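The next block holds one structure in the form of structure tokens; read it before the comments.
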Amino acid sequence: MKTTLRPVRDGFTSPFGVLVATLGSAVGLGNIWKFPSLTGTNGGASFLLVYLAATMLVGLPVMIAETMLGRTARADAVTTFEKLAPRGQGWWKIAGWMGFAGSLLILAFYSEVAGWVYAYIFKSLAGEIATTDPAVARAAFGGMVSSPVQALFWQWVVMAVTGSIIMLGVARGIEAVTRRLMPLLFGLLLVLCVRSLTLPGAMQGLVFLFRPDFSKITPVVALTALGLAFFKLSLGMGVMLTYGSYFRDTQNIPATATRVMMADLAVSLLAGIAIFPAVFSFGFEPAAGPSLVFMIVPAVFAAMPGGRVFMTIFFVLTAVASVGAMLSLLEMPVALLSERYGLGRSKAAAWAIAAVLLMGAPAALSQSLTAHLTLFGLNPFDLFDFLSSNVLLPLGGIMICLFVGWVFGLPQLELRLSNEGRLANAGLVRVVFLLVRYVAPLLIAIVLLNGLNLF
Ligand code: PHE
């Protein structure tokens with residue numbers, strides 16, 4: 001019998017599997033919870049426009065560059081920068097460590113929001129939340145998030161579920177789970193859209209979502225949109241890099257990234273169309289923030305026959321979508337700890353989960369016990385969100401751009417994006433290079449410095 005000399009590295013098994021897992025990382029609470037809530041608090045259509053621009057000019061090129069780096073080095077984020085950086089420039093690996101911190105920070109609050117979703121599955125089954133009355137909806141959500149026991153309980157359930165899947169490994173765990181349920185979620189969002197659009201006064205919601213008022217674009221709004229673009233496509237923190245390290249050599253990276261970006265945008269837009277018409281129709285407040293989706297989705301379902309069943313299915317699918325994103329968030333530190341420090345996968349996962357639960361507790365308790373623990377006026381939940389999306393991810397994004405644009409260069413980029421010696425989409429790759437070398441880092445720097453008020 002032939003024996004292999006090196007252990008075969010785990011990885012995705014087919015082009016379709018790659019697409020689904022990558023999409024599974026991108027699509028998540030970002031589309032269904034964060035996108036509507038940020039669009040609502042930041043002025044609607046004008047925010048959407050800035051977000052679209054950020055996704056095309058910064059998001060897509062960074063996604064291509066980041067996955068390419070992972071596939072080139074076939075290693076975790078820190079080791080990748082270490083391997084690919086020129087001699088004497090070991091400091092590039094800071095980008096990998098920032099991603100490590102970022103993924104844990106995001107998980108700390110993301111797991112809490114996922115916990116709300118899990119809780120809403122049971123609440124909709126019990127018929128507790130089916131109401132179109134803003135006051136009742138607000139009270140139901142408020143009651144849940146301000147209970148320390150409920151908040152912590154659901155967060156732990158979420159991490160237990162995610163942890164068990166991650167221990168199964170890349171191909172069996174991540175790929176198998178994410179490939180099945182995405183199409184269902186899409187279908188149910190469509191149903192929601194139709195119901196929302198046929199409510200009386202739906203037009204006002206569409207105007208809010210699609211007619212821009214440019215006076216509403218402030219530096220903070222621009223930074224929020226850029227942060228969302230990174231968050232949405234799981235960029236700037238080594239998550240896509242780690243997934244790229246599992247891509248096969250034959251995978252066409254630019255095509256995969258473009259598809260993921262478009263599908264992801266489609267899901268966000270559907271969520272927006274499902275939510276805003278109903279917001280205005282029922283007299284909710286578009287700027288309600290993180291609670292928005294948890295009030296509007298039940299309201300729309302409550303206004304249709306069989307709503308309770310659909311509502312339950314909807315929250316189940318949202319929970320599934322959140323799993324795909326969390327698996328990728330957890331895979332980043334797990335890959336790093338297990339490959340760099342030789343920890344077994346399960347041990348690495350256990351450490352990462354312990355860290356998440358430790359950091360997650362203050363985030364989960366932000367509406368109760370830790371509400372007064374503010375920094376820059378933000379409670380732990382909002383602080384983790386702000387620090388990761390609006391600081392760490394853009395910074396990581398700049399480093400990836402500069403690394404690929406200036407250290408790597410065009411010939412190397414073309415070589416690494418080629419499959420079996422052939423470069424498909426050569427024109428697109430050249431545009432990506434220009435974006436990564438000049439446009440994206442400049443845009444990120446300007447938006448970041450302005451948004452943080454450092455100019
Ligand atoms: N993209 C995921 C979402 O929208 C969240 C995420 C952010 C996942 C960063 C990985 C890394 O829900």
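Numbering of ligands and ligand atoms starts at 1, following listing order. Being a predicted model, the structure only gives us computed values, none of them experimental.
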Have a look at ligand 1 and work out which part of Y110, if any, has a heavy atom under 4.0 Å from it: side chain, backbone, both or neither. side chain
Which residue owns the protein heavy atom closest to atom 6 (C) of ligand 1, what's the atom, and how far is it? F231 O, 3.6 Å
Give yes if a backbone or side-chain nitrogen or oxygen of L29 is under 3.5 Å from a nitrogen or oxygen of ligand 1, and no if not. yes
Could you tell me whether G30 and ligand 1 have an N or O pair separated by under 3.5 Å? yes
Nearest protein heavy atom with distance in Å, relative to atom 8 (C) of ligand 1: S234 OG, 3.3 Å
E285/R138 salt bridge by N-O under 4.0 Å criterion: no
Consider only side-chain N and O atoms of Q251 and T256, and report whether a donor and an acceptor are under 3.5 Å apart. yes
So, regarding M237 and ligand 1 (criterion: nitrogen or oxygen to nitrogen or oxygen, under 3.5 Å), is there a contact or not? no
Can we call the ring centroids of Y341 and W351 under 6.0 Å apart? no
Protein contact to atom 4 (O) of ligand 1 [nearest heavy atom, distance to 0.1 Å]: K232 NZ, 2.4 Å
If you round to the nearest 0.5 Å, how far is CG of L417 from CZ of R71? 7.0 Å
Within a strict 4.5 Å, meaning less than it, do heavy atoms of the V62 and V436 side chains meet? no
Closest to atom 2 (C) of ligand 1 (heavy atoms only, candidates G28, S25, A321) is S25
So does R259 have more than 12 non-hydrogen atoms from other groups sitting under 6.0 Å from CZ? no
Among non-hydrogen protein atoms, atom 3 (C) of ligand 1 lies closest to A26 O, 3.2 Å
Please confirm whether K216 makes a cation-pi placement over F47, using NZ or CZ under 6.0 Å from the six-membered ring centre and within 45° of the ring normal. no
Quick one: does L235 get an N or O within less than 3.5 Å of an N or O on ligand 1? no
Would you call D76-K93 a salt bridge at under 4.0 Å N-O? no
Just let me know how S328 lines up against ligand 1, side chain, backbone, both or neither, with a heavy-atom cut-off below 4.0 Å. side chain
